[in-house]
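Below: the structure, in structure tokens.
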Amino acid sequence: MSEPTGVIHDIGYQRYTGPRLGRRQVFGALWLHGLRTIFGLGRSAKAKIFPWLVIGIVTLVAAGLTAVRSQTGQVVMTYAQFADAMSWLVIFFAAVAAPELVSRDLRSGVLPLYFSRPLPRGDYALAKLLALATGLWLLLGGPQLVMFLGAAFATGEGLTGVRDELFDLLPGLLYAGLWAVVFASVGLLVASLTGKRAFAAGGVVAVFLMTTPIVGVLSILPSRTVNELALLASPSTLVQGVGLFTLGDQMAPAGAADEMIGDFGPVYALGAVLLVAACVALLLLRYRKVAAR
Amino acid sequence: MTLIATQSLTKTYGGRITALSDLTVAVEPGIIGLVGANGAGKSTLIKILLGLLAPSGGRVRVLGLDPTTDPAAVRARVGYMPEHDALPPDLSAAELVTHLGRMSGLPRTAARERASEALRHVGLHEERHRAVGGYSTGMKQRVKLAQALVHDPDLLLLDEPTNGLDPAGRDDMLALVHRIGTEFGISVLVCSHLLGEVERICDTLVAIDGGRLLRAGPIAAMTSATDVLAVEVSEGTESLADRLAALDLPVTRDGRTLLVPLADEATYDLILGAVAELDLPLHRLDQRRHRVAELFAPREPTHV
């Protein structure tokens, strides 16, 4: 039988002889996949609504602040204060993103397909954590960059003005990074406990919501030491405490930092480190157990 | 090279529940059937082979590598198809298999190409771009098989690949597994609780029960040259056995059943003739399809 030209032949099964990437590239691929998931990229239009709504709001606020500043010349909010003001939006964002990253995989049972591949089980959790932290940092850092660009173009002092502004921006970006790391580690740990996305989201919000009143109670007790340590009780106020300690006047009017945290600044820094370390350790333990099932 | 070798492999959970007990077995490349009832320790063995569980005792080697000390090297060369649902419903098969290919270390373009190749080999074409949530059970099983193939492994571990499939779907899946083992040149370990299924496609059979090895070896050595006919009469079993023996048929007794090797079609006639002559009420005359079953459990003959 003669075959016409141009027919696609079934050439059968082909062995793969090309390169196989190492652990770092696989980790990078998983991180990027997680980051895209957070912002709904490569997913349905429905999955894009919430992330981009939040991005729209924070960008709009940043643009508004920039406009006010260029008209009146007054700095309404510093970069760090902007991060503080947006904290509730960041919490909600994390409450939606963290379950998308981990609860979905727990529920669908896809994890055995990951853990039967070369990547170590800890890498799965860490790549997801890094993706969430990166996403939250971009959420805060992006608008900060908008504020910086607006201020840099409007500055009347030429390059010196741009440089001064840059030195204001960099601590702000670092502070945003602290927010991102703390919220990501707490949020991802809570979300990794359940495969139900609604429960996970509620759990993440609850952790932040339930601890805030404790701070309120502690800060009105008739002991100055307790008052000054009150901000340790909730992850979000803990971050603010670290901010008051390290950034001082960028965060609050002169003297206010002293009023709120006293000499306990290093305690807050240590508290933040311990909180993140504990969350990461528990997260790794959690996936140790999941992988063996 | 030995494909899988275990030596006195033992796994206990919490020191009380024994999943595997002193399992020593070595198999050569090919299609290997791993059979045993539910809870016999099949899934535990697979998890140890993948390096996901640490054995409580004994040694294990897969493709010449030790999964307890170098699990990444083993997993790079092994593809695993789990028993249970493992597919996120909102992703398309193409997206999922591509992503999992990348997780196995394939570069982006190679992952995409090999994903569509793997899906084509398991028989999914245009539908691979639809969300997995809308797939039939048979299609989902194929996607699970494709993701195990995407990184071109040297060994596939398939945990109950025919689970939940209708008879036609089972035949298709078994034919596909057989094709992978023969045409693709990839060794396959197929787990099943249905002996009759795996004995059709595998060259080596490993049977475990309660975590212990029942029997292992090439399937050709286990099945006798001929099929077996099972004869049951309501009464007069003794006289029928004598009559059949007188006809030079090597008859064996198994409880109330007589087993006669099926030489050719004439054997049927001889048996029926003997039953008619003795005027016995014939209760059953059928061909044993689960041939190997008797080797494992001679006290409990299975009837189809």
Side-chain angles (χ1 to χ4, degrees), chain A residues 8 10-34 36-37 40-47 100-101 103-124 127 195 197 287-293, chain B residues 46-47 50-54 71-91 95-97 99-111 113-114 117-118 120-121 131-133 144 147-154 157 159 179-180 183-186:
Chain A
I8 300 167
D10 183 356
I11 47 176
Y13 184 76
Q14 301 282 299
R15 302 300 309 231
Y16 177 73
T17 50
R20 289 175 194 262
L21 306 176
R23 179 177 171 185
R24 264 178 51 202
Q25 284 105 324
V26 172
F27 187 91
L30 186 55
W31 168 77
L32 190 64
H33 183 261
R36 288 172 56 86
T37 305
L41 301 175
R43 295 178 51 213
S44 65
K46 220 173 82 184
E100 287 295 335
L101 285 173
S103 305
R104 177 184 287 278
D105 284 358
L106 280 167
R107 185 161 181 84
S108 63
V110 77
L111 287 173
L113 303 186
Y114 280 99
F115 297 139
S116 60
R117 293 183 144 74
L119 104 150
R121 53 199 161 193
D123 280 19
Y124 170 87
R197 274 182 291 159
Y287 276 95
R288 233 186 143 83
K289 221 179 110 190
V290 171
R293 266 217 299 262
Chain B
I46 284 199
K47 289 204 173 98
L50 282 167
L52 294 175
L53 278 181
V74 174
R75 289 184 216 145
R77 295 179 57 194
V78 171
Y80 169 54
M81 172 177 173
E83 177 183 359
H84 301 289
D85 273 352
L87 305 174
D90 58 334
L91 285 181
E95 286 168 334
L96 178 72
V97 178
H99 175 62
L100 290 169
R102 296 212 69 198
M103 291 301 102
S104 281
L106 300 183
R108 189 193 300 269
T109 357
E113 285 168 10
R114 282 206 57 93
E117 278 297 286
R120 182 173 68 80
H121 283 302
V132 173
K144 275 157 67 177
Q147 66 77 31
L149 268 178
V150 65
H151 54 292
D152 187 27
D154 296 316
L157 302 177
D159 200 346
R179 221 181 115 221
I180 291 170
E183 286 174 35
F184 294 13
I186 299 173

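To find a chain, count down the sequence lines: A is the first, B the second, and so on, and within it residues start at 1.
For B:Arg77, no part lies near chain A; criterion is any non-hydrogen pair under 4.5 Å. Heavy atoms closer than 4.5 Å to chain A are found nowhere in B:Asp159, neither backbone nor side chain. Proximity to chain A is limited to the side chain of B:Val150, based on heavy atoms less than 4.5 angstrom apart. Heavy atoms closer than 4.5 Å to chain A are found in the side chain of B:Leu50, but not in its backbone. Using a 4.5 Å cut-off between heavy atoms, B:Glu183 makes no contact with chain A at all. Heavy atoms of A:Arg121 lying under 4.5 Å from chain B belong exclusively to its side chain. Only the side chain of B:Glu95 comes within contact range of chain A, judged by heavy atoms closer than 4.5 Å. Heavy-atom distances place both the backbone and the side chain of B:Leu149 under 4.5 Å from chain A. Within the 4.5 angstrom heavy-atom criterion, atoms from both the backbone and the side chain of B:Pro88 approach chain A. For a residue to count as touching a neighbouring chain, one of its non-hydrogen atoms must lie under 4.5 Å from one of that chain's; by this rule B:His99 touches chain A with the side chain only.
Here the shortest heavy-atom pairing between B:Asp90 and A:Arg104 reads OD2-NH1, 2.6 Å. Scanning both residues, A:Tyr16 and B:Leu106, for their nearest heavy atoms gives CE2-CD2, 3.4 Å. Between B:Pro82 and A:Leu113, the shortest heavy-atom contact is CD-CD2, 3.5 Å. In terms of heavy-atom proximity, A:Pro19 sits nearest to B:Pro107 at O-CD, 3.4 Å.
Although no hydrogens or angles enter the test, the distance criterion places no donor-acceptor pair under 3.5 Å between the side chain of A:Arg43 and the main chain of B:Leu91.
By the 4.5 Å heavy-atom criterion applied to side chains, A:Val26 and B:Arg102 are not counted as neighbours.
To the nearest 0.5 Å, the span separating CE on B:Met103 from CG on A:Leu21 amounts to 10.0 Å.
Taking 4.0 Å as the cut-off between side-chain N and carboxylate O, B:Asp154 and A:Arg15 count as a salt-bridged pair.
Here B:Gln147 is the residue among B:Met81, B:Arg108, B:Gln147, B:His84 with the most heavy-atom pairs under 4.5 Å with chain A. Chosen from B:Ala86, B:Gly79, B:Ala72, the residue pairing most often with chain A at heavy-atom distances under 4.5 Å is B:Ala86. Ranked by heavy-atom pairs under 4.5 Å with chain B, the first of A:Pro118, A:Pro120, A:Gly42, A:Gly109 is A:Pro118. Counting heavy-atom pairs closer than 4.5 Å to chain B, the top residue among A:Arg23, A:Gln25, A:His33 is A:His33.
Side chains of B:Ser104 and A:Arg117: a donor on one and an acceptor on the other come within 3.5 Å.
Under the rule for a side-chain hydrogen bond (donor to acceptor under 3.5 Å, both in side chains), the partners of B:Arg114 that lie at least two apart in sequence or sit in another chain are A:Tyr13.
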